[in-house]
Amino acid sequence: MAAPIQGISKILCRISTPVLRSLVINKPCSQRLVTLWARSGPKVELLGRRTFCTALPVKDDSPNEAVVRYKDNPWDYLESEEYIERYGKGHVWADYRRNHKGGIPPQKTRKTCIRGDKICGNPCPICRDNNVIIHHQNVKLLQQFINPYTGKVYDPTRTGVCMKQQKVLNQAVNMARDHGLLPFQIPHVEFLAEDFSNSHDAVGSTPTPACLTSGEPWYTWVSPNDSNTSRL
Amino acid sequence: MAALGAARGFFLNYPRITNVHKNKHIFNKCCIRPFCKEASDNTSTEHHAKPQFTDSPVQDILTKITGLDLQKVFRPIKQEVKPPVYKLMTDLQLEEATYLAKKQAQKLLKMPPVLPERKPIDDVISVDKILDGMDTAKLVFTDITFNIPHRERFIVVRETDGVLRKATWKERDRLIQVYFPKEGRKHTVPLLFKEENLKRVFTEDRHEDVLNLCLVQFEPDSSEYIKTHTATYEDLEKHGKYDLLRSTRHFGGMAWYLVTMRRVDRLIVDMLQRDLLDDAVSLVSLFNMVHPNSESAQEARSQQASGTDLLKLQGQLEPVFRISGYRQGLLPEALHAAASRTTHPVNTQPLIYMSPLLNTFRSVRNETATPASAACKQRERRST
């Protein structure tokens with residue numbers, strides 16, 4: 001029982017060292033990876049390894065606090081100093097650059113930045129900032145992702161948004177348009193060749209047909225002429 | 001025999017009935033039975049029958065009032081962007097291009113129909129007790145032949161208790177949208193038409209968008225269409241934002257609504273403030289056409305008034321239904337202001353504007369006050 005666990009821990013250690021090296025390069029993710037490491041900490045402690053989990057509980061609180069701050073009113077974040085300092089007057093996605101191999105980026109962005117508790121390296125413009133919340137009433141944020149000239153939502157390859165958030169964004173934009181928060185182009189309707197008199201049987205009133213009941217004659221009975229019967 | 005004659009009459013007149021543009025007044029008059037065309041012809045003279053929205057003099061006046069601002073009609077919309085095209089034109093070519101643009105604009109500004117609310121369909125075709133309880137769900141049978149108008153399409157519902165009935169209007173609209181989806185129309189009614197959302201949109205001055213969406217989503221004779229239009233027109237009238245709809249296809253409908261409700265005074269004042277004297281005059285003539293029994297119409301006919309005299313008569317004689325007090329001589333003041341701006345010679349005698357506490361005031365006026373004393377009272381009230 002102990003032997004396979006020891007083997008797993010050796011593999012974990014082997015993986016962790018290159019990961020820790022890349023930690024130095026990729027700073028923002030270091031906090032998240034350290035939390036991961038801490039989560040696997042107790043297992044490793046059992047086998048006598050040291051963990052790096054001393055400062056973690058404090059770090060865990062601050063992201064949660066930020067989410068709580070703008071959860072009910074995400075539109076307030078776009079007026080706050082924090083936002084202006086970070087993004088200035090440009091779009092939320094303006095300074096984001098995707099990491100990919102080669103000159104041509106893949107036609108789809110990544111499926112999602114956050115899988116459970118793990119955040120990827122270089123998360124998309126929406127996932128990297130907890131306060132940027134996509135909500136159908138957060139009109140200013142939604143408008144940053146809509147082309148002002150064509151009225152269409154930008155492609156995710158242009159904004160860098162992950163596919164999951166792009167779906168959420170599309171739903172929010174549709175809901176906002178439904179509520180009337182976002183203006184959109186309405187097609188022109190012609191009323192030329194339509195007859196509105198409602199005189200046709202399909203839509204007008206028609207008298208109910210006589211119900212057939214068994215025993216009653218369904219044809220009009222015409223009694224024969226007297227002169228004809230007298231000849232018989 | 002009579003049926004044959006009637007059928008022959010129907011078939012002879014069928015092209016006239018379907019040719020909507022040329023004979024608009026027919027289908028409004030004989031709504032239910034197209035066989036009575038001969039009878040309607042006798043009664044459709046202008047003086048006796050109430051003028052309808054589709055009458056050509058009414059339509060002419062309404063198109064004139066709507067105006068034709070090419071800059072507003074062809075303002076840039078959000079669409080697929082193409083590189084701009086620059087053309088060098090001579091004056092003649094420019095005139096031709098402007099003429100074509102005006103023709104296109106007139107097509108775009110064609111007014112949507114104003115109809116009474118449609119009567120509900122509640123016809124039972126047959127009752128088959130033998131089918132009672134056969135199924136747990138209602139079955140709907142729709143005729144999906146492509147080349148028949150939607151209003152002639154048979155849609156029937158077999159209920160769970162065996163009753164075969166025609167589908168109601170809502171069911172009809174829903175099913176026709178399923179089988180023949182219309183561009184821009186949604187299966188569920190957009191939440192924009194809820195009251196709170198409507199109020200917010202009105203504060204943003206997007207009345208035209210609301211009306212366009214209403215045209216796309218609802219049928220012209222449905223109750224939601226009429227309710228939304230009424231709400232929009234009421235809001236416009238309340239805040240006096242008539243200019244939002246000028247040079248759009250909805251201005252005619254709004255003007256017609258106000259004329260039928262006899263609340264044209266604020267619109268006339270707005271026109272005068274914008275120096276649209278001819279429009280104001282034509283609006284008053286339309287009012288007199290639609291309400292021939294009103295005092296101002298009768299006076300106008302007796303005096304053969306035209307032009308600014310019509311406006312003065314309107315200001316003098318037309319009682320105004322206002323909930324929040326009465327405006328003191330607003331129409332005559334506006335007339336004076338417009339006259340001073342333009343070069344039209346206007347009679348500058350003081351005018352008496354009647355209060356909306358109407359019938360009582362009028363009876364009092366008949367008994368006691370002379371016009372001069374009433375004018376004095378008006379001046380006193382204005383000074384206090």
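Keep in mind that this is a model prediction, so the values were computed, not measured. A, B, ... follow the sequence lines: proteins, then strands. Residue 1 opens every chain. All values below come from the heavy atoms of this structure, side chains included, with hydrogens, waters and symmetry mates left out.
Only the side chain of B:E219 comes within less than 4.5 Å of a heavy atom of chain A; its backbone N, CA, C and O stay farther away. Both the backbone and the side chain of B:E80 come within contact range of chain A, with heavy atoms under 4.5 Å apart. Residue B:N212 touches chain A through both its backbone and its side chain, counting heavy-atom pairs closer than 4.5 Å. When heavy atoms are compared at a cutoff of 4.5 Å, B:L108 approaches chain A by way of both its backbone and its side chain. The part of B:V201 that comes within reach of chain A is its side chain, from C-beta onward, which places non-hydrogen atoms under 4.5 angstrom from that chain. With a threshold of 4.5 angstrom between heavy atoms, B:L215 approaches chain A through its backbone and through its side chain. Using a 4.5 Å cut-off between heavy atoms, B:K182 contacts chain A through its side chain alone, with no backbone atom that close. For B:R206, the part lying near chain A is the side chain, with the backbone staying farther off; criterion is any non-hydrogen pair under 4.5 Å.
Annotation: A:N225, atom CG; neighbour count of heavy atoms from other residues, nucleotides and ligands within 6.0 Å is above 12. Residue-environment remark: CG (B:L191) exceeds the threshold of 12 foreign heavy atoms within 6.0 Å.
For the set B:P220, B:P76, B:P112, B:A167, the count of heavy-atom pairs under 4.5 angstrom toward chain A peaks at B:P220. Taking chain A as the reference chain and counting heavy-atom pairs below 4.5 Å, the highest number among B:R118, B:R200, B:E196, B:E204 is found for B:R200.
Pairs of residues two or more places apart, or lying in two chains, never qualify as ring-ring contact (aromatic ring centres under 6.0 Å, His included) while including a residue from residues 100-123 of chain A.
The ring of A:Y154 has its center no closer than 6.0 angstrom to the ring center of A:F145.
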Enumerate donor-acceptor pairs with a distance under 3.5 Å from any side-chain N or O in residues 182-192 of chain A to protein atoms, sequence neighbours excluded.
unit_1: A:H188; atom_1: NE2; unit_2: A:E190; atom_2: OE2; d: 3.2

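A salt bridge links B:D123 with B:K166: the distance from a Lys NZ or Arg NE/NH1/NH2 to an Asp or Glu carboxylate oxygen falls below 4.0 Å.
For the pair B:Q217 (side chain) and B:K186 (backbone), a donor-acceptor distance under 3.5 Å is present.
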